[in-house]
There are 2 protein chains.
Amino acid sequence: MNEMRPIRAKSGTNQEGASAHNRRVMIDALRVNGQLSRADLARATALTKQAVSNIIEDLERDGLVASLAAVRKGRGQPSTPYRLVPEGAFAIGLQIDRHMTRTIAVDLVGAVLARGEANLPAGGPERGTETILWLIDKTRRELAEVAPQSKDRLVGLGVAMPGPFGIDTDPADPWMMALWQRFPLSETLAIGTGLDVRLQNDSAAAATAEKLVGAAHGLDQAICIYVGYGIGAGLILDGELYRGANGNAGEIGMILSRPENGTEDQRAPLEHRASIASLCKILDRDPADPELYRHLDDFAAASDARIAAWITEAAYELRRAVQILETIFDPQTIVLCGGMPPGLARLLIDAIHPLLPSIAERRTRSAPRLQLGFTDPWAVAIGAAAEPISRTFDPSFSAILKTRSVGSG
Amino acid sequence: MNEMRPIRAKSGTNQEGASAHNRRVMIDALRVNGQLSRADLARATALTKQAVSNIIEDLERDGLVASLAAVRKGRGQPSTPYRLVPEGAFAIGLQIDRHMTRTIAVDLVGAVLARGEANLPAGGPERGTETILWLIDKTRRELAEVAPQSKDRLVGLGVAMPGPFGIDTDPADPWMMALWQRFPLSETLAIGTGLDVRLQNDSAAAATAEKLVGAAHGLDQAICIYVGYGIGAGLILDGELYRGANGNAGEIGMILSRPENGTEDQRAPLEHRASIASLCKILDRDPADPELYRHLDDFAAASDARIAAWITEAAYELRRAVQILETIFDPQTIVLCGGMPPGLARLLIDAIHPLLPSIAERRTRSAPRLQLGFTDPWAVAIGAAAEPISRTFDPSFSAILKTRSVGSG
DNA sequence: GAAATAAGTCAAGACAATTGACTTAATAAG
DNA sequence: CTTATTAAGTCAATTGTCTTGACTTATTTC
């Protein structure tokens with residue numbers, strides 16, 4: 001009789017939401033600008049001096065900000081600048097990448113305080129989570145040694161692994177990522193660690209790292225292309241990471257760059273030509289080889305012909321990807337990052353130049369069209385750790401809104 | 001001495017911002033769900049019954065919502081549903097498209113109440129604005145006849161014209177769009193009409209129309225591909241139109257789909273193969289011909305061989321564009337719209353199928369991967385008119401924040 | 001007819017920002 | 001050296017909007 005169609009509506013907000021937003025705005029402003037006085041903050045955020053004063057007092061009591069020595073800068077009472085207190089918050093990051101897993105602990109300003117690494121046992125998520133929980137625990141204990149305050153100030157666990165999620169990926173893949181992608185990982189880890197857990201794909205994590213402490217720091221419109229075992233893009237739009245309807249936005253590895261001509265190999269998606277997986281295939285190397293990173297560095301330094309061939313192919317694809325992303329997003333910059341040695345990354349980004357013409361070619365640019373970001377194999381793990389910091393302290397639309405009684409996903 | 005670097009920070013908010021947001025949320029909920037009781041609204045927005053009651057009372061007094069007859073739906077007191085009042089607000093839209101200009105007047109629910117059309121005189125913006133101001137005035141008077149309340153309830157003027165903006169476009173283009181794109185149009189029209197003016201490109205306007213009253217109604221993640229004289233995409237991300245760093249996001253016409261192989265013609269951007277401009281070239285027709293629309297319809301009905309050739313080429317490009325957009329955005333749906341006869345649009349969308357494989361191929365889909373939107377030549381003008389409505393009444397992050405003293409652009 | 005359920009109101013309370021006057025501490029001008 | 005000016009920051013009262021919890025009203029179910 002009554003069809004009981006669910007009502008679709010956005011969430012409302014109240015003073016609490018506004019207040020939470022204002023605190024985030026203060027922290028964000030201090031993060032981006034280094035140090036600011038209360039008066040600076042009032043001007044920059046359009047709030048009154050008094051409101052800022054109250055909020056800063058609060059944040060100081062909470063141990064998130066601290067004052068510096070007063071500075072005289074002209075007429076009037078000297079101002080007292082404030083800065084973020086690194087020990088104000090901590091977070092753990094977890095990266096799952098086929099055969100191995102890494103953990104990282106960071107503080108409020110993104111400094112790395114502990115790290116751990118382990119091989120994942122064969123047998124998929126059920127057995128893997130044991131290893132993971134052990135590794136997380138080890139990292140937490142390590143962190144507690146360096147920073148005893150961390151016990152009460154851990155804001156969450158960020159998890160990064162290759163996407164896409166919720167899709168029927170190749171069931172024959174040897175790393176059983178499909179199994180991982182279907183496994184209720186967040187829930188299991190939330191129970192196992194008692195922490196707030198959120199999952200993102202590895203390129204989103206890389207972008208989160210670039211935003212917090214890397215090339216995209218302080219930028220509101222940036223695209224991070226992440227070249228790892230696969231390839232993906234982390235989309236920072238209006239200052240927030242964009243997830244898409246199903247959390248799979250930015251999975252550009254699946255783009256069919258030449259869908260209807262050429263050999264079957266050429267018809268394959270972008271990922272088959274611009275990724276470490278494809279490089280390993282050319283080099284006939286096992287991607288699981290723990291020495292791979294060093295080997296790639298050697299190959300790159302030795303100007304190996306196969307490396308050069310891969311670079312040509314990958315650069316061709318990336319050049320087009322850059323042009324497409326610039327055209328679609330009109331970003332302030334594009335950051336190329338990835339889990340490869342800096343030497344190799346340098347060769348790759350050089351080979352991508354000169355860039356194709358696009359609307360990004362404008363006279364007044366403050367950031368380069370394409371720049372190199374993190375090429376640390378730990379970058380994704382750092383980004384995973386940065387996610388809870390960002391989720392907890394960065395201003396965002398969703399942070400203002402009242403939360404629904406029962407979560408939807 | 002003091003380098004005086006500008007402080008970068010996001011804006012704070014206060015009760016006023018929260019309240020404004022809540023009112024917008026109510027209006028949005030009523031727009032999407034048709035009619036809702038106060039209790040429904042309270043549940044859907046996570047606000048208290050009391051808060052909703054106060055807000056609805058306000059909105060009713062402001063003439064934006066009205067109650068309907070009470071309905072019994074089970075145990076308990078019958079509920080009183082509320083609906084939007086179409087006469088609650090009005091807006092004017094202006095489309096500038098090379099040789100001509102169109103105006104539209106809409107009400108709060110997006111119904112068209114008046115329209116006007118005129119040819120633009122040669123001579124560029126200086127002379128053109130005279131015609132435009134005259135046309136807007138004519139439309140306002142027409143609107144006032146149909147809806148006298150409109151005089152006090154006009155919320156703004158939305159302007160749509162081809163992008164990209166701020167780029168040195170081809171100076172030889174015969175329509176002098178480059179001149180228009182550099183002309184301070186918003187300022188001139190704001191002074192000339194006394195209205196709040198905002199400018200967007202035509203594909204963004206088409207997307208705004210689809211969001212308010214079209215295929216993207218109530219969707220938070222949707223991409224609208226607009227095929228007009230050129231081609232572009234309007235990006236609806238998290239319920240808001242995405243503009244990019246310089247307002248040029250979605251200008252996909254500039255994508256070099258085959259940048260390095262083939263003839264010079266094949267190397268040309270997407271726009272040269274999938275646009276009405278390219279179709280006119282094939283048909284050897286003047287794009288400025290006022291009868292073009294009817295002719296295209298005839299050609300399509302007659303299965304003209306040149307039309308078929310264009311459709312094959314355009315469909316090839318669009319098939320790839322759809323796959324790229326799906327892969328990058330992971331949207332709920334993609335809407336194909338454009339200023340062409342429905343028959344032709346139907347042929348085109350059919351030719352695009354079957355779609356290329358992508359992450360959008362998931363078992364549970366509520367909306368089709370690709371669907372047909374407005375194919376009315378007035379769609380962009382309607383979207384232009386919808387923009388002030390959306391700007392004034394849709395929930396958005398920026399609407400919550402306090403405004404800075406002096407705008408930035 | 002009584003109990004249960006749901007919509008909606010009333011009145012008091014809480015909270016976070018605003019307002020405007022005030023204090024403090026520096027430089028600039030005479 | 002004194003006074004005016006400027007700017008940072010505080011104090012105390014006010015404001016506006018949402019929340020809370022009790023209450024009223026209207027309907028169905030038992």
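All chains are named by letter (A, B, ...) in the order of the sequence lines, taking the proteins before the strands, and each is independently numbered beginning at 1.
Within residues 50-60 of chain A, the residues approaching DNA chain D are A:Gln50, A:Ser53, by heavy-atom distance under 4.0 Å.
Residues B:His21 and A:Phe397 place their aromatic rings such that the two centres sit under 6.0 Å apart.
Between B:Asp330 and B:Gln221, the side chains place no donor N or O within less than 3.5 Å of an acceptor N or O (distance only, hydrogens not considered). For the residue pair A:Ser19 / A:Asn22, no side-chain donor-acceptor distance below 3.5 Å is found, with atom types taken as modelled.
Each of A:Thr13 and B:Gln77 was assigned the nucleotide of DNA chain D with the nearest heavy atom; the assignment lying further toward the 5' end belongs to A:Thr13. Both A:Ser79 and B:Ala18 lie near DNA chain D, and the one whose nearest nucleotide falls closer to the 5' end is A:Ser79.
Between A:Ser19 and C:dC15 there is no side-chain N or O to OP1 or OP2 distance below 4.0 Å. Side-chain N/O atoms of B:Arg38 include one lying less than 4.0 angstrom from OP1 or OP2 on C:dT9.
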Begin with the C-alpha distance, continue with both residues' side-chain angles, and end with the deciding distance and a verdict on side-chain contact (heavy atoms from CB on, under 4.5 Å) for B:Val197 and B:Val159. CA-CA 7 Å; B:Val197 181; B:Val159 182; 3.8 Å; yes
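A distance-only check finds a donor-acceptor pair linking the side chain of A:Ser11 to the backbone of A:Lys402 [under 3.5 Å].
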Identify all pairs in which a protein N or O lies below 3.5 Å from an N or O of nucleotides 1-4 of chain C, and state each distance.
{"from": "C:dA4", "atom 1": "O3'", "to": "B:Arg75", "atom 2": "NH1", "distance (Å)": "3.3"}

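Side-chain contact between B:Lys49 and B:Arg38: absent, with no pair of heavy atoms (C-beta onward) separated by less than 4.5 Å.
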